[in-house]
Amino acid sequence: MAVPIEDHVDLESLPKEERLARMRHSAAHVLAEAMVELMPEAELGIGPPIENGFYYDFRLPRALTEEDLKWLQKRMRKSLGRKVPFHMEAITREEAAERWKDQPFKLELLSELDDDSITQCTHAKFTDLCRGGHVNHTGELGAFKLTSIAGAYWRGSEKNPQLQRVYGILFETEEELQEYERQVEEARRRDHRRIGKDLKLFDLYEEVGPGHVVWLPAGTTIRRELMRWIEDLEIERGYQHVHTPVVGKRQLYERSGHWDHYQDAMYPIMERDGEEYVLRPMNCPHHIMIFDSELHSYRELPLRIAELADMHRWEKSGQLTGMSRVRIMTLNDAHIFCADEQQVESEVAGVLRLMEEVYATLGLKDYSYRLSKGDPNDTEKYVDNPPMWEKGEALLRRVLQDVGLEFDEADGEAAFYGPKIDVNFKTAAGKPETLVTVQVDFHLPEQFGLEYVGEDGGRHQPIIVHRGVISTLERMVALLIEEYEGNFPLWLSPTQAVVVPIADRHNDYAAEVAGKLRAARLRVEVDDRGDRMNAKIRDAQMRKIPYVLVVGDREAEAGAAAVRIRGGQDLGAMPIDDIVEKLRSERDTKALTP
RNA sequence: GCCUUCGUAGCUCAGCAGGCAGAGCGACGCUCUCGUAAAGCGUAGGUCGCCGGUUCGAAUCCGGCCGAAGGCUCCA
């Protein structure tokens, strides 16, 4: 027998987040109500609130169309006007089993509930198995829109059937809804794929292959600046750079364990003369070869081996995205061979400090640290060695705390051979991405039987720290494009200044000015095309070039140029020597703004 | 990989109840020689993603493949 549950809620008294969650979850109910009306055979999945809105999953007799979406939305709006109350009731397992006997997904959920926690929610003629959290009636739903249809696996596993998911956005007021849509539009403008194309930084060609980034001259300049910078920082911190081949033999990866744990993500095997090779997905084994090629004393540790190396990972086709998710990428990688845990701690701390310095220089603020742990129950995905995992996780946690960084923890996010610290950020479109990771690895030293000679003269096993700092150049540049909206700081700008002669007779002087800047290794162009000055300035602005140097009769006379900063500010005429000095200083300090 | 949508000039897009492939911007050429975000005129540029089918006739309808976008799963 259904027992009503008093659940009237004073929405105004709730925190905004809670209120929105109730509105969004309630909207999902109303969506399901509409769907059952549209297709009575619909099998219901789940309909939770999410960031910015809600969704509901259905198994349907046919694919949904845009027209269906419009119809559903209209039908939902009608519900709003009717102000139908939501009623929660506690029911028995038998009642529930009877009610949802034709709803396999609901029955599956039901089988996992305790007898005393089976509740249902009814509004109008629609009843759903539900733990609660609604508004009082459908008039309190707020402003919403159905936005898209997508496939989604039941309970998030690709082994399960795929359902059709309807997404909606929902806010308290129409104004907030519109503000959100404005933000989405703004994010679209920042999208690195769009800006990368506009500014001719990189391109992707169907013929070269999906996920294979082609860096154009302007993008290559950014890439080169980042490479030089990070390598210099690493040299200052005692790293040694190496260069190793992009292929490895099958045996190498069998020994490292990648063959078993990572093969799905590798390019197909190349076979010749009875040998099998793969394009490397990681270069840890290569660096391990270097370490293992001679016997090391504890005095040489920590040994830091670094390489900006191309990695090849066969990402699923549906997952490729611009430059932020690709198949061939240049990773700022390093492996630090440590003598003991104490050394690991100080090395990881050093890496974290380097990260903080690098991200501060780049002006990145919106990122977070996460301690990514393994899953002791998943011996398929992770190396089976519980004490090793515990030791590694505790160690990383300790270092994060010592360095004083805020972080959260997540299970089942580790590398197959050990726990890691992930640095995560969000793309312009709001999708989370991992920028880099730092991993503690007790596993590969074991696999490869690595040793060093300790103070006691005996053999000991080293511990490897795997780390990145600026991520892959692809992902970092994608992030920076979006962060700067294409307005790179001077040191990274592909073209740092354009000299604009006012009329043809100033071309010679313009070339002279450009020559002086070039002598200071500044990247400068002369725009001596036949256009009017205004058009050239506009063109430079569209190309997001930091400085425009206008030269006419007055400037030629004075040995000067009129300086205009990206964005429009006019600094007036300055002597060329002063301009060179100003730009050089701005470049060398890696200033974020002029 | 799976679900949905999409693919026309370098870019943004129109054309699609089947009947000669278009516009704006860009590029190139000529004229103008100009003072801080678009001078004027002209020219070139497309096997309509690819392959096949239906049809007298396909950019348009159908099928397969490739690629992209959003989502799921996976991940730096």
Side-chain angles (χ1 to χ4, degrees), chain A residues 55 57 60 63-66 69 147-167 188 191 193-194 197-198 200 203-207 209-211 262 264-265 281-282 311 313-322 324-327 329-333 372 381 413 415 420 422-425 429 431-437 439 466 468 470-476 478-479 500-507 529-542 548-555 562-573:
Chain A
Y55 68 77
D57 288 343
L60 304 170
L64 285 169
T65 64
E66 291 296 317
L69 219 56
T147 50
S148 60
I149 308 160
Y153 299 104
W154 168 241
R155 316 205 91 181
S157 167
E158 60 186 339
K159 295 187 183 81
N160 288 335
Q162 191 164 47
L163 311 180
Q164 296 189 66
R165 176 173 295 178
V166 177
Y167 277 98
R188 227 172 59 82
D191 191 312
R193 289 167 295 191
R194 184 186 183 81
K197 204 168 195 43
D198 284 351
K200 296 190 179 17
D203 210 345
L204 290 154
Y205 305 98
E206 219 175 302
E207 293 85 343
Y262 213 79
D264 282 354
M282 293 173 177
M311 304 299 162
R313 301 180 186 174
W314 195 264
E315 300 291 344
K316 294 176 181 176
S317 59
Q319 184 43 64
L320 301 170
T321 303
S324 64
R325 191 76 185 268
V326 300
R327 284 185 172 153
M329 68 213 92
T330 308
L331 183 66
N332 163 230
D333 202 10
S372 294
K381 188 172 171 187
E413 296 284 350
K420 56 183 183 167
D422 289 324
V423 182
N424 296 314
F425 71 101
K431 280 201 284 188
E433 290 273 26
T434 299
L435 191 59
V436 288
T437 66
Q439 297 158 16
H466 306 241
I470 58 167
S471 183
T472 67
L473 290 165
E474 287 75 14
R475 185 166 285 182
M476 176 52 88
L479 170 62
V500 172
I502 290 176
D504 286 353
R505 65 174 180 280
H506 308 120
N507 284 356
R529 294 173 304 174
D531 290 315
R532 280 176 52 207
M533 178 197 71
N534 281 315
K536 295 178 185 179
I537 289 172
R538 179 169 192 275
D539 189 56
Q541 295 292 342
M542 303 286 283
V548 176
L549 306 177
V550 177
V551 295
D553 291 332
R554 296 200 296 266
E555 287 76 16
V563 179
R564 182 192 160 107
I565 304 178
R566 179 172 56 197
Q569 197 193 342
D570 188 351
L571 297 187

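Below, each value reflects all heavy atoms present in this structure, side chains not excepted, and no hydrogens, waters or symmetry copies. Labels below follow one simple rule: chain letters A, B, ... track the order of the sequence lines, proteins then strands, and each chain is numbered from 1.
- One atom, CG of A:Asp191, and another, P of B:U12, lie 12 Å apart when rounded to the nearest Å.
- Under the 4.5 Å side-chain criterion, counting only non-hydrogen atoms from C-beta, A:Thr434 is not in contact with A:Glu413.
- In this structure, A:Glu433 places its CD atom 15 Å from P of B:C74, rounding to the nearest Å.
- The residue among A:Asp504 and A:Lys200 whose nearest nucleotide of RNA chain B lies closer to the 5′ end is A:Lys200.
- Residue A:Arg532 has no polar side-chain atom (N or O) positioned under 4.0 Å from OP1 or OP2 of B:C34.
- The side chain of A:Thr437 approaches B:A76 more closely than any other nucleotide in the set B:U73, B:A76, B:A38.
- Rounded to a whole Å, the CD atom of A:Glu413 is 9 Å from the P atom of B:C74.
- Taking a cutoff of 4.0 Å between a charged side-chain nitrogen and a carboxylate oxygen, A:Arg564 and A:Asp570 do not qualify as a salt bridge.
- Residue contacts for A:Lys159: at a heavy-atom cut-off of 4.0 Å it reaches no nucleic acid atom on any strand shown.
- Computed from coordinates, the A:Trp154 CH2 to B:U73 C1' distance equals 16 Å when rounded to whole Å.
- For B:A27 and B:A38, the P atoms lie 15 Å apart once the distance is rounded to whole Å.
- Atom CZ of residue A:Arg194 and atom CZ of residue A:Arg188 lie 5.5 Å apart, to the nearest 0.5 angstrom.
- Between the CD atom of A:Gln162 and the P atom of B:U4 there is a distance of 8 Å, rounded to whole Å.
- As judged by a 4.0 angstrom heavy-atom cut-off over every strand, A:Tyr167 is placed among residues touching the sugar-phosphate backbone only.
- Only the C1' atoms considered, B:A58 is 15 Å distant from B:G63, to the nearest whole Å.
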Which dot-bracket string describes RNA chain B (Watson-Crick N1-N3 plus N6-O4 or O6-N4, or G-U N1-O2 and O6-N3, all under 3.5 Å; [ ] crossing; | other strand)?
-> (((((((..((((.....[..)))).(((((.......))))).....(((((..]....))))))))))))....
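- Using a 4.0 Å heavy-atom criterion, one finds that A:Gly468 contacts no nucleic acid atom at all.
- Salt bridge absent: A:Lys316 and A:Asp264 never bring a charged side-chain N and a carboxylate O closer than 4.0 Å.
- Straight-line distance from the CG atom of A:Asn424 to the P atom of B:C74: 15 Å, rounded to whole Å.
- Taking for each of A:Arg194 and A:Ile537 the nucleotide of RNA chain B with the nearest heavy atom, the 5'-most of the two is the partner of A:Arg194.
- Among the protein residues, A:Leu163 comes within range of no part of the nucleic acid, since none of its heavy atoms lies under 4.0 Å from any strand.
- Between the CE atom of A:Met542 and the C1' atom of B:C11 there is a distance of 11 Å, rounded to whole Å.
- Counting any heavy atom pair closer than 4.0 Å across all strands shown, A:Arg505 reaches sugar-phosphate atoms only and no base atom.
- Across B:U43 and B:C50, the matching C1' atoms stand 31 Å from one another, rounded to whole Å.
- Contact annotation for A:Val548: no contact, since no heavy-atom pair falls under 4.0 Å across all strands.
- The gap from the C1' atom of B:U4 to that of B:G46 amounts to 29 Å, rounded to the nearest Å.
- For the P atom pair drawn from B:A17 and B:C62, the interatomic distance equals 13 Å after rounding to whole Å.
- A:Arg165 comes within 4.0 angstrom of sugar-phosphate atoms only, judged by non-hydrogen atoms across all strands, and of no base.
- Nucleotides B:A69 and B:C13, compared at atom P, are 14 Å apart to the nearest Å.
- Each of B:G1, B:A39, B:C34 was ranked by its minimum atom distance to the side chain of A:Met533; first place goes to B:C34.
- Among the protein residues, A:Ala152 comes within range of the sugar-phosphate backbone only, with heavy atoms under 4.0 Å from sugar or phosphate atoms but none that close to a base.
- Using a 4.0 Å heavy-atom distance criterion, A:Glu315 is classed as a base contact.
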Could you pull out the protein-nucleic contacts involving nucleotides 65-67 of chain B (nitrogen or oxygen on both sides, under 3.5 Å)?
unit_1, atom_1, unit_2, atom_2, d
B:C66, O2', A:Glu206, OE2, 3.2
B:G67, O4', A:Glu206, OE2, 3.4

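- Within the 4.5 Å cutoff, side-chain heavy atoms of A:Ser317 are placed close to those of A:Arg327.
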Polar atom pairs between nucleotides 24-31 of chain B and protein, under 3.5 Å, N or O only, would you list them?
unit_1, atom_1, unit_2, atom_2, d
B:A27, OP1, A:Arg529, NH1, 3.3

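- Between the CG atom of A:Leu549 and the CD atom of A:Glu555 there is a distance of 10.0 Å, given to the nearest 0.5 Å.
- Remark: the separation of the P atoms in B:C65 and B:A23 is 36 Å, to the nearest Å.
- Spacing between atom CD of A:Gln319 and atom P of B:C74 amounts to 10 Å, rounded to whole angstrom units.
- Nucleic acid contact class of A:Asp553 (heavy atoms, under 4.0 Å, all strands): base.
- Within 4.0 Å (heavy atoms only), A:Leu435 reaches sugar-phosphate atoms of the nucleic acid but no base atom.
- Rounded to whole Å, the C1' atom of B:G53 lies 31 Å from the corresponding atom of B:G70.
- The residue A:Ala562 sits close to a base: some heavy atom pair falls under 4.0 Å.
- Residue A:Thr472 is in base contact, counting any heavy-atom pair closer than 4.0 Å across all strands shown.
- Contact between the side-chain N/O atoms of A:Lys316 and the OP1/OP2 oxygens of B:C72 is not found at any separation under 4.0 Å.
- Using a 4.0 Å heavy-atom criterion, one finds that A:Arg313 contacts the bases of the nucleic acid, with or without backbone contacts as well.
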